[in-house]
Enquirer: 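The structure that follows is given in the form of structure tokens.
A note on names: the letters A, B, ... follow the listed sequences, proteins ahead of strands, and every chain is numbered from 1.
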There are 2 protein chains.
Amino acid sequence: MRIGELAARAGTTTRTLRYYESRGLLPARRGDNGYRTYDEDDLRLLRQIRTLQDFGFDLEETRPFVECLRAGHPEGDSCPASLVVYRRKLAELDTLIEQLTSVRAQVAAQLARAEAAVPGGPEPKCELGGHA
Amino acid sequence: MRIGELAARAGTTTRTLRYYESRGLLPARRGDNGYRTYDEDDLRLLRQIRTLQDFGFDLEETRPFVECLRAGHPEGDSCPASLVVYRRKLAELDTLIEQLTSVRAQVAAQLARAEAAVPGGPEPKCELGGHA
DNA sequence: TCTTGCCCTGACGTCGGCGTCAAGGCCTAC
DNA sequence: GTAGGCCTTGACGCCGACGTCAGGGCAAGA
């Protein structure tokens, strides 16, 4: 399979695949004409990368998973190094969610305060002095 | 007050202030020698910007707040345009937190599954075949 | 006067993950 | 043989919010 087909089957672009190769993440064999050649295993690696990317993992963070698969393990997370990344990511997510939740609360409080000070926004019908 | 002092009092850098000016967000008067000159009002504007930035607002999103203050209002969020930004930001935060929470759950599930398949990680003491 | 410290403008660097264009090679169908 | 579609490498563009450096001006104290 050539680069275009692999990209299409993984729902990505040839540019992305060349980028992964430049990062050493998904090297390719070459045919006689210099074209990159991939097989079904490469598709599995690529899908592993894409899944993690969709989860917000940095490209570097997907490396242990890819190497795990390449080492012959059944899943990308069948190796300790992958679990370490999982746990680190969970901690990052927890911290981030916590921060965002805090910010959300503060913004909501500011909004409530400002709306109270400047009415007419959420409640166009104001009972003060409306004689018409 | 000159740019260095303003930066110091707001806990930021001169580069940042020049950047804000280049974006038209915080223009400065100039002294005879060409030096930027600021007053206490500018410090208030700058602190408004910084507060929102800390909340994760884009620089452009702080503009209504700054213009509101510059228009003479007591608070940056005393204007309808600022409230619109607040509400939009709240919606963005809700969406983002929801997504992150979903991802967190999926990652946690993957971790649990992988740990079950490959023990020895979290529980170094395994009761299987440990006769020593 | 000379040094020190602040100021000025202009412009390139950073980071991640690619998009996009340029110039050309390979292969197939017509 | 030629048009079209795939492939190749190389390299610049993008986004946001600045960091950092280069080269030079202005002001004040020793």
Side-chain angles (χ1 to χ4, degrees), chain A residues 1-39 42-43 45-66 85 88-89 92 96 103, chain B residues 1-39 42-43 45-66 85 88-89 92-93 96 100 103:
Chain A
M1 164 173 36
R2 292 181 306 184
I3 196 172
E5 185 182 345
L6 179 62
R9 289 180 65 184
T12 184
T13 67
T14 60
R15 178 68 183 90
T16 296
L17 298 188
R18 294 196 188 96
Y19 177 65
Y20 289 172
E21 182 174 6
S22 78
R23 304 280 84 194
L25 204 59
L26 192 66
R29 281 117 282 164
R30 298 299 180 115
D32 292 343
N33 51 13
Y35 287 11
R36 290 174 178 81
T37 303
Y38 303 91
D39 57 24
D42 291 316
L43 178 58
L45 299 187
L46 180 52
R47 284 188 169 144
Q48 172 73 81
I49 296 171
R50 291 268 102 193
T51 298
L52 294 174
Q53 287 268 83
D54 289 345
F55 280 170
F57 284 54
D58 293 343
L59 207 49
E60 275 309 306
E61 292 179 320
T62 74
R63 197 179 294 274
F65 296 81
V66 174
V85 175
R88 189 159 46 78
K89 197 46 115 181
E92 286 176 12
L96 185 54
V103 166
Chain B
M1 150 175 50
R2 291 182 306 183
I3 195 170
E5 185 183 345
L6 179 61
R9 290 181 64 184
T12 183
T13 67
T14 61
R15 178 68 183 91
T16 295
L17 298 189
R18 293 197 188 95
Y19 177 65
Y20 290 171
E21 182 173 6
S22 78
R23 302 280 84 195
L25 205 58
L26 192 65
R29 280 117 283 162
R30 298 299 180 114
D32 291 343
N33 51 14
Y35 287 12
R36 291 173 177 81
T37 304
Y38 303 90
D39 56 24
D42 291 316
L43 179 58
L45 298 187
L46 179 52
R47 283 187 170 145
Q48 172 73 81
I49 296 172
R50 291 268 101 193
T51 298
L52 294 173
Q53 287 269 81
D54 289 345
F55 279 171
F57 284 55
D58 293 344
L59 206 49
E60 275 310 308
E61 292 178 320
T62 72
R63 196 178 293 275
F65 296 81
V66 176
V85 175
R88 188 158 47 77
K89 194 48 107 182
E92 285 176 12
L93 283 168
L96 185 54
L100 290 176
V103 165

Enquirer: Does a side-chain N-to-carboxylate-O contact under 4.0 Å join Arg2(A) and Glu5(A)?
Expert: no
Enquirer: Distance check needed: dC8(C) C1' versus Glu21(B) CD, whole Å only.
Expert: 11 Å
Enquirer: Between Arg18(A) and Glu21(A), is there a side-chain N and carboxylate O pair less than 4.0 Å apart?
Expert: no
Enquirer: Nucleotide by nucleotide, 5' to 3', does protein get under 4.0 Å of the base (B), only the sugar-phosphate (S), or neither (-) in nucleotides 11-26 of chain D, counting heavy atoms?
Expert: B-----BBBB----BB
Enquirer: Using the closest heavy atom to pick a nucleotide of DNA chain D for each, name whichever of Thr14(A) or Arg2(B) lands nearer the 5' end.
Expert: Thr14(A)
Enquirer: State whether the number of non-hydrogen atoms from other residues, nucleotides or ligands found under 6.0 Å of Arg23(B) atom CZ is greater than 12.
Expert: no
Enquirer: Is Arg18(A) close enough to dT20(C) that one of its side-chain N or O atoms is under 4.0 Å from OP1 or OP2 there?
Expert: no
Enquirer: Does any part of the side chain of Tyr20(B), heavy atoms only, come nearer than 4.5 Å to the side chain of Leu59(B), both counted from C-beta?
Expert: yes
Enquirer: What nucleic acid atoms does Arg23(A) come within less than 4.0 Å of, heavy atoms only: base, sugar-phosphate, or nothing?
Expert: nothing
Enquirer: Quickly work out the Tyr38(B) OH to dC7(C) C1' distance and round it to whole Å.
Expert: 11 Å
Enquirer: Please report the shortest heavy-atom distance between Asp58(B) and Lys89(B), naming the atom on each side.
Expert: N-NZ, 4.4 Å
Enquirer: Got Val85(A) and Thr62(A) here, is their nearest side-chain heavy-atom distance under 4.5 Å?
Expert: no
Enquirer: What is the distance from CD1 of Ile49(A) to C1' of dG16(C), rounded to the nearest Å?
Expert: 15 Å
